[in-house]
Amino acid sequence: MKKTKSSQYAAVQHTNGYEFSQGSGYTLPEYDAVIPDAVKSGEIEHHRILIVGGGLTGLTLACSLAQLGVKCVLLDEDNTVGVKGASSRGICYTQKSLEIFDKLGIYERIQAKGIQWSVGRTFAGQDEVYNFDLKAQGNFSLSEQPAFINIQQFYNEGFLAERIFELGHAQIRWNNRVTAFSIENQVATFSIATPEGEYKATADFIVDATGSRSPFHDWLKIEKTIKKGDDRWCIADVRFNTHPPKERHTWIEAPFNDNRAVWQHLMADDVWRIDYQMAPDADPAYVSSETQVRERLAKQFGAETKVDIVWVGPYAYRSECVNAMAAPAGKSEVFFIGDSAKVVSPFGARGGNTGIADADNLAWKLAAVVQGRASRELLQSYHAERHEAAKTNVQVTNRTARFLRPAEGIERIFRDATIHLAKKHLFARSLVNTGRMAVANPYSRSPITAPDLPQSHSVQNVSFQWGNQHIGHLNDLLRWADGLPLLLLWHAPQSHMASLRKWARAGRVRTVYVGEPMGTLPASAQPARFKETIQDPDGRIAKACGFASAAGWALIRPDSYLAARGAGLDIPTVALALARLQGASRSGAPV
Amino acid sequence: MKPKSPVALPDPVIPSLADPDGFYEALLDAHSGLSHDESVAYNARLVLILAHQIGRQEVLMQSLALAKA
């Protein structure tokens, strides 16, 4: 963990501003240090859920738990969001992340501050090799959220922190730094330093959100798979007096960077991120010196372009993935989320976005267990689902890294051949790999997915009509379900009403009827009476649930992944699917 | 064809080229006059084009293994 000077603990002032300060980085918000009573009393605190690390994933998890009314404590080693002196990290947020942020109530702020984009262009030398427009691709248009918004990571972290202050339940303890961790007699105990002294705490569920240099890996002797390369990059966040297009531009071979790769991307405050690929094993201090950076920028944008350097940092990319997403620590259990679980090169925005998804996946499961609605077995699905996603993301980014930094010899020859062909032939463009943009990873080996579903996919935040014709979105229903699975019914015979009512009374599921408003059908054809009825006139919900033909029923998890679906409502099948979401084994023994 | 194979792959033992000698000659002719480096680059492009023409992942994987054997 980062060493902190004691002077940092000088009186901090609370401010909500993240104002862009020209040429010298950002002024980040500062929060008051939190000193728990245990510092004075010397008592050992005990928490059900303790999150270590207040970055993007830790804050997303804390905010998700707070929204579900679950108490948790989050320890953050400093008193701000972002990283001091390195305030610009992730910038590119996927539709899935934006949907999660919408569910948590901070999307409007992100939308107002960030920059939407959908067009990407790839160049080699002077030639454009290919371009894409995400708006024209796949199902992006089904969701209320756009394909991508670019925004500096610390904004999202700040929005999450402020949302947590509003919601309560979750307590963020600024200036609380974990200094030691021990397991004695099956009890895991943390030593935590604050500006006014140390205290100790234990927890049932510990979440490691400490990031890419997690101390838990050593403490718990975690096995992981690591791959290091010699590829070096220099990232420059800059502001110009000119305005490049709001597009993602990538050069595989940039004439203005000694024929190495360059990335150009816009974010909030009119700041551009320009990533320069450096010579293998280049000296980080030299390549990120201001003279070098200004020289490269002048070559790219012309000497007459005025440039403010906001932030510069050298990067050596590596990939790393834990072999298991959770580990026992005495009687407690430790979960790895975000960069503490896997580290990837930034190609395709697969770092932060998958960390947000880790948090969204874990939150409702922890909530269900802590609130007594599910057994601890449910938590095993966190590893099954998010490890599959982590491995996929590591593989996808490693493939991009290999394309962008081919080994000398035949790898370089094949890349030259690919670029040569891609300039003339459509087919070869699919081989050009400047990053495959992050998606909501599907789960194909999950113990809580119905066996007849080949995989569980994320159901997008599609729109529908309420009974009064107003427009609603799936996230409205998920928020209303408040951590319970959401059962959508397109058909509901009267004979099944008893079971549905029983589940509702037992607090196992929230049910919504998708159909005609009551009273519009002849009495004989009227379905069972439902208080909650919506209409799906364009079939968007059915499409997002993956129904190829007539929709019957769909069971959607609180993280909006599909758990089960069917044509005709079949009570035993739905009962098994519900039991799985409460931690029953795949065979469906009720808990 | 191997009847029990889950995917029907062309058996490499059975010749499939209508004019093997003609193809072989054309392949050599394509390389004539090229330096060693140019030939290697040409072959790389050719492999990528042929992969596209074949277009079946399982056949390509089998071919990669065959070339090693």
Side-chain angles (χ1 to χ4, degrees), chain A residues 122-132 138 250 252-253 255 259-261 388 391-392 395-396 398-436 439 441-442 444-445 454-455, chain B:
Chain A
T122 293
F123 304 87
Q126 304 294 340
D127 305 312
E128 181 169 333
V129 181
Y130 77 99
N131 62 65
F132 61 82
T250 59
I252 311 162
E253 295 175 342
N259 268 339
R260 288 189 295 270
E388 181 185 4
K391 282 193 295 185
T392 300
Q395 182 185 49
V396 170
N398 280 348
R399 286 171 171 176
T400 302
R402 200 171 181 185
F403 186 86
L404 292 171
R405 164 67 184 125
E408 290 312 317
I410 196 68
E411 287 196 18
R412 168 73 64 176
I413 288 162
F414 270 115
R415 198 186 74 172
D416 289 345
T418 302
I419 294 170
H420 181 108
L421 292 170
K423 287 178 183 176
K424 289 186 235 167
H425 304 290
L426 209 61
F427 86 84
R429 292 174 196 176
S430 64
L431 297 169
V432 174
N433 187 347
T434 58
R436 308 300 186 200
V439 294
N441 293 92
S444 63
R445 292 190 291 275
Q455 59 179 27
Chain B
M1 305 289 278
K2 294 172 192 168
K4 282 187 182 167
S5 168
V7 185
L9 297 177
D11 190 323
V13 177
I14 302 169
S16 71
L17 295 174
D19 178 11
D21 294 346
F23 165 72
Y24 198 79
E25 183 180 41
L27 181 64
L28 297 190
D29 285 350
H31 280 275
S32 69
L34 299 184
S35 70
H36 176 75
D37 285 355
E38 287 166 346
S39 264
V40 170
Y42 177 88
N43 272 346
R45 293 196 294 273
L46 185 62
V47 165
L48 297 178
I49 291 168
L50 292 177
H52 164 66
Q53 304 282 17
I54 291 167
R56 288 171 58 195
Q57 196 83 355
E58 70 278 9
V59 178
L60 294 173
M61 293 300 141
Q62 191 203 34
S63 306
L64 289 173
L66 275 177
K68 280 260 180 204

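Each chain gets a letter, A, B and so on, in the order its sequence line appears, and its residues count up from 1. No experiment lies behind these values; they were computed from the predicted model shown.
- Between A:Ile410 and B:Val40, the closest side-chain pair of non-hydrogen atoms falls below 4.5 Å.
- With a 4.5 angstrom heavy-atom cutoff, A:Leu421 touches chain B only via side-chain atoms.
- A:Ser430 does not touch chain B: none of its heavy atoms, backbone or side chain, sits under 4.5 Å away.
- Residue A:Arg402 qualifies as open at atom CZ: its count of foreign heavy atoms under 6.0 Å is 12 or below.
- Distance CZ/B:Arg45 to NE2/A:His425: 9.5 Å, rounded to 0.5 Å.
- In this structure, chain A has no heavy atom under 4.5 Å from any part of B:Leu46.
- In the displayed structure, B:Gln53 atom CD is contacted under 6.0 Å by more than 12 heavy atoms of other residues, nucleotides or ligands.
- The heavy-atom pair separating B:Leu48 from A:Phe427 by the smallest distance is O-CE1, 3.6 Å.
- Here the shortest heavy-atom pairing between A:Ile413 and B:Ala41 reads CG2-CA, 4.1 Å.
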